[in-house]
Amino acid sequence: MENEGMIPLSEAEIDEIRRKALHFAEIGLYRYKFDGTVIFMDQGAARILDLTGSYPDASAISGKNIENLFIYTGPRGLLRKAIREKGHARNLEYKFTTLTGKTRWAMHDSYLERDEKTGEEFIQVIIKDITWRKNAEQAMREREEWLATVLTSIGDAVVATDRAGKVRFMNPVAEHLTGWKSEDIIGENFNLCFKIINEITREPIDNPFNKVIETGHIVGLANHTVLIARDGAEHPIVDSGAPIRNTEGQITGVVLVFRDDTDRRRSEEAVLRSKNEAEFYLDLMTHDLTNFNQINIGNLNLLEKNVPLNENAARYLAKCKNQIHKSEALISKVKTLSQVKNLDAIKPVSVDLPRLLSDTVAMVRNLYPNKRVTFEMAAPSPCIATGADLLESVAINLIENAVKHSPEDAILIKAEITDAKGAGGAFWQVRIEDRGPGVPDEMKRRIFDRWLRHGTEKGTGLGLSLARAIIEKLGGGICMQDRVPGDQSQGSAFIFTIPKETGGQLP
Amino acid sequence: MKIFIVEDETDLIEFYSEVIRMCGHEVMDTARNGAEAVEKFAAFAERPDLIIMDHRMPVMSGLDATREILSMAPGIKVIFASADSRIEDEARSLGIVSFKKKPFSLERLMANIEKVESAVLTH
């Protein structure tokens, strides 16, 4: 026998075990008459009802009326009625206030007892303190209510499903977009309320729910997605779906968040339309202005050929021609600036920097035949940068500025190309110095601002801002300094950096 | 040389005509747009020695007109004159003899016409 040699426990010992177990489980016992008189209450019940302060010995509670031992504001008599009718009442949960003012929750299991000798009937109560569980439930309910309020209040549409795709939650924005009321869709399949198609092809698009369940990842919708509402209305939407996981990490559902994209698309289209219109007008204007310039320059040329001009007339004519060239330079710069705004339009090309500078000096010499331009350059060989055709505009601006602003007829321009410091060998540094009148300190900071002009020669005011825009688009930087630090009168030095050739990729 | 001018600006047609006469050549005909140019070219009993072609014109562009004319008469000499330098590569790929970016001087146009003339004479 397994229990051979063991001494059986006495009834008293078993009762003690029961008493300790009930104490541990926070369970108490009491019995009272139908008129409310307590016959017996154990220490556990006294503790649950918070009576141990007033009655350190629970046996002193006998004889008191149960209705005077705690405050219960709910309907009275229901328990007694149930006991009378059925002989028992199980799992009765109620809130009460103790005589010391504490709010507590208790659970009752009660049954009818009858004294076999006297026939008197009692109600036997097993009481358990469930205050902690009730408080936890209340906290959870509050959290759920809070979460539901948040999801209901947010501006995006939110639909949550279980793992099978049945809708568990839908907020008012989702109701508006799908055309379904929560009460009609909750418990139904999500597919019913979320019909999406491609805006262009009108083909149905795979429901993001399936993708989330398959991959277990957050997924976004493809572009051009249109949601077809219950009434057939179409809403362009953007959205994402994410798995809902339990504490073990298992997917228990999917939450879909989506938003009506109509307004954003409209404003994007409006911006694009304005941009296209602006480009169209710019194009139209520059084209027609160029044609006018062509007609004017052509006819001035014809005038020169056909009519002998005296000195004054020749000077007036030269001024007209000069203004036409300036107008053309302005058109060209405005066009270049509009191109620079769009980096995609810049095609990366290999640029031989020393050659670019030499060619530019040659071109500028042609533009200013009366100036004697000496050009000195120090550069490693080879010296190739990743630039763009627009880099030519930078070189022209810097070198033409040096020539234009020099009051002397003999002009020395020096260029030096070196490895840019601190760039890990990835950039060239190009320094172009002149011996012109220099730039006052107060103007140095603003020299690259648009419309700022300097010197007596009137340019378009766009050249240096254009140079900076181009260099920055190419990933470099540009600045200006005194050629001799601290002595503005010794001329200026323009320094820019440009990425070395890396195989045709802009940084 | 007989020169065909394709240009929608009246003042430019007059300027080109003046230059052509100064160079001792003849304006064979003019067209105001690409479609008219193609139509007239197809109907010419005698082909021009040179075409001065604008690009941006109503109905049909200079590029399209040049493409059609060169397919009818490969080797025909076309000086392309446009304010839009972005189309230079495409125009050159068609087989034009020169691309003039507007605005250009009378001397440069004359030099181009003379260059074509010497090429025509050499043939």
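Chain letters run A, B, ... following the sequence lines, proteins first and then strands; every chain starts at 1. As the structure is a computational prediction, the values presented were derived from the model and not from experiment.
- Counting non-hydrogen atoms of neighbouring residues, nucleotides and ligands closer than 6.0 angstrom, the CD atom of B/E18 exceeds 12 such neighbours.
- A/N291 and B/K102 share a side-chain donor-acceptor pair at under 3.5 Å.
- You'll find the side chain of A/K305 reaches within 4.5 Å of the side chain of B/E107, heavy atoms only.
- For B/R92, the CZ atom counts as densely surrounded, since its 6.0 Å shell holds more than 12 non-hydrogen atoms of other residues, nucleotides or ligands.
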Please walk me through it: do A/D288 and B/R56 pass salt bridge (charged side-chain N to carboxylate O under 4.0 Å, His left out)? CA-CA 10 Å; A/D288 285 7; B/R56 206 177 295 189; over 6 Å; no
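- In this structure, CG in A/D283 is found 6.5 Å from CG in B/D84, a value given to the nearest 0.5 Å.
- Neither the backbone nor the side chain of B/R108 comes within contact range of chain A; no heavy atoms are under 4.5 Å apart.
- With a 4.5 angstrom heavy-atom cutoff, A/N296 does not touch chain B via any of its atoms.
- When each of A/N299, A/L302, A/I297, A/L300 is paired with B/L106, the side-chain contact (heavy atoms from CB on, under 4.5 Å) condition holds for A/L302 and for no other.
- Taking CD of A/Q294 as the start and CD of B/E7 as the end, the distance is 8.5 Å to the nearest 0.5 Å.
- The two residues B/S105 and A/N301 come nearest to each other via the heavy atoms CA-OD1, 3.4 Å.
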